[in-house]
Colleague: 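Can you keep this structure in mind? I'll have questions shortly.
Residue numbers start from 1 in every chain, and the chains themselves are labelled A, B, ... in the order their sequence lines are given, proteins ahead of strands.
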Amino acid sequence: MQLNPAQNNAVHHVSGPCLVLAGAGSGKTCVITNKIAYLIQHCGYKARHIMAVTFTNKAAKEMKERVGKIFGKQELRGLTISTFHTLGFDIIRREYKILGLKIGFSLFDAEDQMSLLKSLTENTIEGDKGLLKQLFCKIASWKSDMLTPAQAKILVTGKQDQLFAQCFSLYHKQMKAYNALDFDDLILMPVVLLQTNQEVRERWQSEIGYLLVDEYQDTNASQYQLIKLLVGERAYFTVVGDDDQSIYSWRGAQPKNLLTLNQDFPNLKVIKLEQNYRSTSRILRAANILIANNPHVFEKTLFSERPNGDMLKVLKTNNENHEAERVVSEIIRHKFMNGTNYKDYAILYRGNHQSILFEKVLMQNRIPYKISGGTSFFSRVEIKDIMAYLRLLTNQDNDNAFLRIVDRPRREIGSVTLEKLGLYANMRGKSLFSASLEMGLQQHLNGRSLGSLQRFTRWILELFEESERGNAVEAIRLLVRDYRYEDYLYETASSVKVAEMQMKNVSNLYSWIVAELEGDNYNNEPQTLHEVVQRLTLRDMMERNEKSVDADQVQLMTLHASKGLEFAYVFLIGMEEGLLPHQSSIDEDNVEEERRLAYVGITRAQQEMTFTLCEERRQYGGLIKPMPSRFLEELSCNVEWEEKKQPQTQEERITKGSAAIANLRSILKKS
DNA sequence: TATAGTGTTATTTTT
DNA sequence: TAACACTATA
């Protein structure tokens, strides 16, 4: 592959810190993979001394594939390409003794955190969902700013924040008692460790000869610290990012880290990639003129040598039904005229709920489509249940997992029993599991409840011992055999079909776990049950065999989900004030991020770009007349408005038709 | 312990 | 409005 001069510079600058400002479609992944190749082939780096960090497993996987195409397996041995969180997890796993952790620690996902917080704040917040969410965010932000509960308490002003700091402290203590870590801890603990322990720091710094970071604009404060600590004084690293595509500030990303880098490393080499290989010149010009309305730290102007291309189109429709029908009939027409494939078309939107109507219309027209997002494999109830069993199996102190599954399937362990158990455990500072086995409990519970409770805990204990003896596979087999989850699914599911699906998910998960435990999965080493369960929470294995079937389907997804992808023909729907920019962003005076969101959407398009908006829209029960999005205005002369009203939607015709028939009938009856 | 009735709330989401 | 979570009730 031929690199342009800027890309070449980015690849060849290896003697110090390097920031690559990679505009949309400028070939940044190409630069990273080529740089890894260059480091190995021309700079004498061993693969195991190179580390590349991304944000998602998907991105890591893609990078591995692309590097794999350049090299053979042998040369790549030891090369690390992982996510921030997996990297942190690996550091913790190797240093757990110094960190004072027990090896079987549990990883808590957002849902676990939430239910823990809920139980900790039963008396103070009393299940107020809004407040609970605020608390959750507050703790996350304290953690990403690397504050301990004690520090937070001192810094905090205002009554509510004081309460929150109190909860933070409780949360912290409880997590320790559970021997559990949350996702933020996976970054935070390595940072603190590397800061305070010189020996460990030097060991890791010498181990990592060169560090590459993708999507750098999405890093938060603690992730940046981790980078800094890992590269050390020598600062041999390359970060790649684009401040115009920073769309995750609501998740703690700090695009100002681009600027900080400039200050922290005075010899930072900044290289801009400004040639776009994706879109037509027209689309690019439109994107440039839109994003020019945002302030910039580093100015950059993308250009394309591709032909000018069509104007960007705006379709104004009557209402949201027309919007969907217009777009779908446009796709049908366009496909027919140009002999394209369905997968060349993407429908992008701000919020997930916008997809529903499009889904309906696509279905009516028998057009294959794919919606990205929605409930992922791991947020399905049946998978969460199984995971809870496994987590309890690897760490009995995990009360969260315990509570989720003690009575699922039914074991006649009701809320009263659990409440008494909770009280007992709380007084003695024990976990629910270990408390349930204590003799003293007899005074608080009647024989029957105690019996069913202990039957459960003893069973788990047996399985635990089995897996500790090295027979994890056998333990899992017994688990499946004895707890009759299948029956439970069939009893509780709304239909047989649903239950069948759920059971299929469960058995998929099982075969995966067994394969990982035995180590015959993609010639990986056998893993302990601890490792398998921890990695599953990080979702770091499932994706490996998830074949992305390249089916010919129209692609529907949110703007956020579209980042990094490209499509020949893009529809960006709902270009209205209140939707894009979203109302809450207008209220919070953060239209800039919405503009970047629109920018991301436009720069996905290779050939043609179409916007739609409605005259009227149903919202929260009422009918509103939205204003066109300010972004359409900003695109100015690059867009062409086409106002063509459709008489009626299919549905309106039908309902009106049947109303007329009913009317006729009633008239006939009377006469 | 199911079920109907009531209330609440409408962004983006990965690890 | 519609979808969801939660609660009172038989």
Colleague: For DNA chain B, what dot-bracket results from Watson-Crick or G-U pairs at under 3.5 Å, with [ ] for crossers and | for inter-strand partners?
Modeller: ||||||||||.....
Colleague: Rounded to the nearest 0.5 Å, how far apart are OG of A/S106 and CG of A/L181?
Modeller: 8.5 Å
Colleague: Any idea how A/F108 and A/Y178 line up, ring-wise: parallel (<30°), tilted (30 to 60°), or perpendicular (>60°)?
Modeller: tilted
Colleague: Can you name the ring pair (Phe, Tyr, Trp, His ring centres under 6.0 Å) partners of A/H560, sequence neighbours left out?
Modeller: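 Expected list: A/Y248, A/W250.
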Colleague: Sugar-phosphate atoms are those with a prime plus P, OP1 and OP2; base atoms are the rest. Using that split, label each nucleotide of nucleotides 8-13 of chain B B, S or - for protein heavy atoms under 4.0 Å, 5' to 3'.
Modeller: --BBBB
Colleague: Do the side chain of A/R539 and the main chain of A/T537 share a donor and acceptor less than 3.5 angstrom apart?
Modeller: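 Checking the backbone N and O of A/T537 against the side chain of A/R539, a donor-acceptor pair under 3.5 Å is found.
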Colleague: Please determine if A/E616 and A/K625 form a salt bridge, counting it only when a charged side-chain N lies under 4.0 Å from a carboxylate O.
Modeller: yes
Colleague: B/dT13 and C/dA2: how far apart are their C1' atoms, nearest whole angstrom?
Modeller: 23 Å
Colleague: Can you sort out the partners of A/R630 under side chain to side chain donor-acceptor pair (under 3.5 Å), two or more places apart, ordered by chain and number?
Modeller: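 With sequence neighbours excluded, A/R630 shows a side chain to side chain donor-acceptor pair (under 3.5 Å) to A/E577, given in chain and number order.
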Colleague: Taking CG from A/D214 and P from B/dT14, how many angstroms apart are they, rounded to a whole number?
Modeller: 16 Å
Colleague: From the 5' end of DNA chain C to its 3' end, which nucleotides mark the outer limits of contact with chain A, defined by a 4.0 Å heavy-atom distance cut-off (strictly under)?
Modeller: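 From 5' to 3', the first and last contacting nucleotides are C/dT1 to C/dC6.
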Colleague: Rounding to the closest angstrom, what is the interatomic distance between B/dT14 and C/dA3 at atom P?
Modeller: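 About 23 Å, rounded to a whole number of Å.
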Colleague: For A/F378 and B/dT15, what is the distance between atoms CZ and P respectively, to the nearest whole Å?
Modeller: 10 Å
Colleague: Apply side-chain hydrogen bond (donor to acceptor under 3.5 Å, both in side chains) to A/E634 and A/N293, showing your working.
Modeller: CA-CA 8 Å; A/E634 291 170 8; A/N293 289 289; 3.2 Å; yes
Colleague: Could you check A/E615 against A/N318 for side-chain hydrogen bond (donor to acceptor under 3.5 Å, both in side chains), going step by step and ending with a plain yes or no?
Modeller: CA-CA 5 Å; A/E615 195 113 295; A/N318 294 353; over 6 Å; no
Colleague: Give a yes/no answer on whether the side chain of A/N57 brings an N or O atom under 4.0 Å of OP1 or OP2 in B/dT15.
Modeller: yes
Colleague: Holding to side chain to side chain contact (heavy atoms under 4.5 Å, CB included), I want the full list of residues that pass it with A/E531, two or more places apart in sequence or in another chain.
Modeller: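 A/E531: side chain to side chain contact (heavy atoms under 4.5 Å, CB included) contacts with A/R93, A/Q527, A/T528.
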Colleague: Starting from the C-alpha separation in whole Å, work towards a yes-or-no answer on salt bridge (charged side-chain N to carboxylate O under 4.0 Å, His left out) for A/D242 and A/R596.
Modeller: CA-CA 11 Å; A/D242 180 6; A/R596 290 194 288 268; over 6 Å; no
